[in-house]
Structures are given as C-alpha cells and as structure tokens.
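Note that the structure is predicted; figures quoted are calculated from it, not measured. In what follows, residues are counted from 1 in the order of the sequence shown.
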Amino acid sequence: MACDYKVLTEKQQQLDKRYLRMAKIWAENSYCKRRQVGALIVKDKMIISDGFNGTPSGFENVCEDKDGKTKAYVLHAEANAITKVAKSANNSDDATLYVTTSPCIECAKLIIQSGIKKVVYSEPYRVDDGIQLLKRANIEVLQIAIDE
C-alpha cells in the first residue's frame with residue numbers, strides 16, 4: 001500500500017506542533033524568571049525524556065542572582081532532558097528534540113553527541129551559533145510557530 005507523502009508530512013507537522021505545545025507547558029515547571037524553556041525528547045512516537053531550565057538537583061530553585069543575571073550553574077532544558085535520558089534505560093539515538101527556544105552552542109554539542117537527529121524549536125535564541133553547529137552536523141533543524 002502506497003503512502004501519500006503530503007499526508008504524512010501534514011501529520012508530522014501536526015505532531016511537531018503538539019509536542020512543541022507540550023514542551024511549552026513543561027517549561028512552566030521552571031523557576032527561572034528571565035526565560036522559561038521546556039524540552040521533550042521523542043523517539044518512536046514516545047516521549048522518552050523531558051526537561052526544563054533550572055538549577056541542578058539539590059540546589060535552591062533560584063536561577064538569577066540579585067542583579068537578575070542567570071547563575072552560571074543553571075542547566076538548560078535540553079541539557080536536563082539529555083542527562084535525564086542518559087540515566088534511564090532509554091537512549092536518544094535517532095530521536096527528535098522539541099524545545100521552546102533554539103539551542104545554544106553548548107546544548108548543540110550535547111545534542112550532536114547524544115545521537116539526536118532532529119531538533120524542532122519555536123523561538124530563536126539571541127545567537128544562532130547552536131543552530132549553525134547542528135546544521136553542520138547534518139541534524140535536521142526546524143522552526144515552527146506554536147499555535148496558541
């Protein structure tokens with residue numbers, strides 16, 4: 001039975017938007033005031049990990065210093081999702097990362113090393129060096145606006 005590529009593409013686009021909306025909801029778990037970011041790792045149509053930006057386990061849930069600057073040890077949502085899957089029985093080979101903000105260069109390096117093959121995001125980060133690195137590594141990168 002032949003599959004209609006256009007229909008599959010439309011279905012995938014709908015799924016991509018749904019997962020991004022879920023990542024946006026997950027971002028609400030963040031205690032960060034400047035920006036709340038959420039991430040989901042999906043493999044074989046299953047969410048295998050999630051993350052949001054925040055402090056390491058056991059630290060106070062305060063992301064910014066008294067001047068409003070993000071503390072150096074705050075983890076990005078992508079890093080939290082990747083390290084969470086690393087501690088599980090799953091792996092992220094050939095998975096898709098859905099994240100509300102495009103990855104920075106440091107998270108892009110983690111994404112490459114983790115075997116993730118596609119990154120879908122909704123909002124651009126202030127610099128695009130992470131996106132450029134992902135593209136250089138032949139990782140599919142897609143920006144999609146989240147429907148409110």
A.B. asks: Compare every heavy atom of W26 with every heavy atom of G51, then report the nearest pair and how far apart it is.
C.D. replies: O-CD1, 3.3 Å
A.B. asks: Checking D44 side chain against M46 main chain: does a donor-acceptor pair fall under 3.5 Å?
C.D. replies: no
A.B. asks: What is the minimum heavy-atom distance between A27 and G38, and which atoms define it?
C.D. replies: CB-N, 3.3 Å
A.B. asks: Got a second to check how far L134's CG is from D129's CG, nearest 0.5 Å?
C.D. replies: 10.0 Å
A.B. asks: How long is the gap from OG1 on T101 to CZ on R35, to the nearest 0.5 Å?
C.D. replies: 4.5 Å
A.B. asks: From I144 CD1 over to K17 NZ, what is the distance, rounded to the nearest 0.5 angstrom?
C.D. replies: 7.0 Å
A.B. asks: For K71, does the NZ atom sit with more than 12 other heavy atoms under 6.0 Å from it, leaving out its own atoms?
C.D. replies: yes
A.B. asks: Any idea which heavy atoms bring I139 and K118 closest together, and the distance?
C.D. replies: CG2-N, 3.9 Å
A.B. asks: What's the separation between atom NZ in K43 and atom CG in N91, rounded to the nearest 0.5 Å?
C.D. replies: 3.5 Å
A.B. asks: Scan residues 115-137 for pairs that pass ring pair (Phe, Tyr, Trp, His ring centres under 6.0 Å), counting only residues two or more places apart or in two chains.
C.D. replies: none
A.B. asks: Same hydrophobic cluster for V42 and M22, using side-chain heavy-atom links shorter than 4.5 Å among ILVMFWY?
C.D. replies: yes
A.B. asks: Is the side chain of S92 donor-acceptor paired with the backbone N or O of I116 at a distance under 3.5 Å, no angle test?
C.D. replies: no
A.B. asks: Looking at S122, is its backbone amide N or carbonyl O close enough to the side chain of Q143 to form a donor-acceptor pair, meaning the two atoms are under 3.5 Å apart?
C.D. replies: yes
A.B. asks: List the steps, then state whether side-chain contact (heavy atoms from CB on, under 4.5 Å) holds for C32 with V74.
C.D. replies: CA-CA 9 Å; C32 296; V74 169; 4.2 Å; yes
A.B. asks: How about N61 and T55: do any of their side-chain heavy atoms sit closer than 4.5 Å?
C.D. replies: yes
A.B. asks: Find out if a path of hydrophobic residues (ILVMFWY) with successive side-chain heavy-atom gaps under 4.5 Å connects V85 to L40.
C.D. replies: no
A.B. asks: Does one hydrophobic cluster hold both F52 and V99, with members joined at side-chain heavy-atom distances below 4.5 Å?
C.D. replies: no
A.B. asks: Using the rule given for side-chain contact (heavy atoms from CB on, under 4.5 Å), can you reason through N53 versus N80, listing the C-alpha separation, both sets of side-chain angles and the distance that settles it, and then say yes or no?
C.D. replies: CA-CA 7 Å; N53 58 324; N80 269 325; 5.8 Å; no
A.B. asks: Flag yes if V62 and L75 sit in one hydrophobic cluster, no otherwise; membership is Ile, Leu, Val, Met, Phe, Trp, Tyr, and two members link when side-chain heavy atoms are under 4.5 Å apart.
C.D. replies: no
A.B. asks: Is the shortest side-chain N to carboxylate O distance from D50 to K84 below 4.0 Å?
C.D. replies: yes
A.B. asks: K45 and Y19: which non-hydrogen atoms are nearest, and at how many Å?
C.D. replies: O-OH, 3.6 Å
A.B. asks: Quick one: does V37's side chain get under 4.5 Å of H76's, heavy atoms only?
C.D. replies: no
A.B. asks: Minimum heavy-atom separation for S114 and I111, please, with both atom names.
C.D. replies: OG-O, 2.9 Å
A.B. asks: Find out if a path of hydrophobic residues (ILVMFWY) with successive side-chain heavy-atom gaps under 4.5 Å connects I131 to V120.
C.D. replies: no
A.B. asks: For the atom pair OG1 (T9) and CG (D16), what is the distance rounded to the nearest 0.5 Å?
C.D. replies: 10.5 Å
A.B. asks: Check E78 against C107 and note the closest heavy-atom contact, atom names and distance.
C.D. replies: OE1-SG, 3.6 Å
A.B. asks: I need the I82 CD1 to L97 CG distance, nearest 0.5 Å.
C.D. replies: 6.0 Å
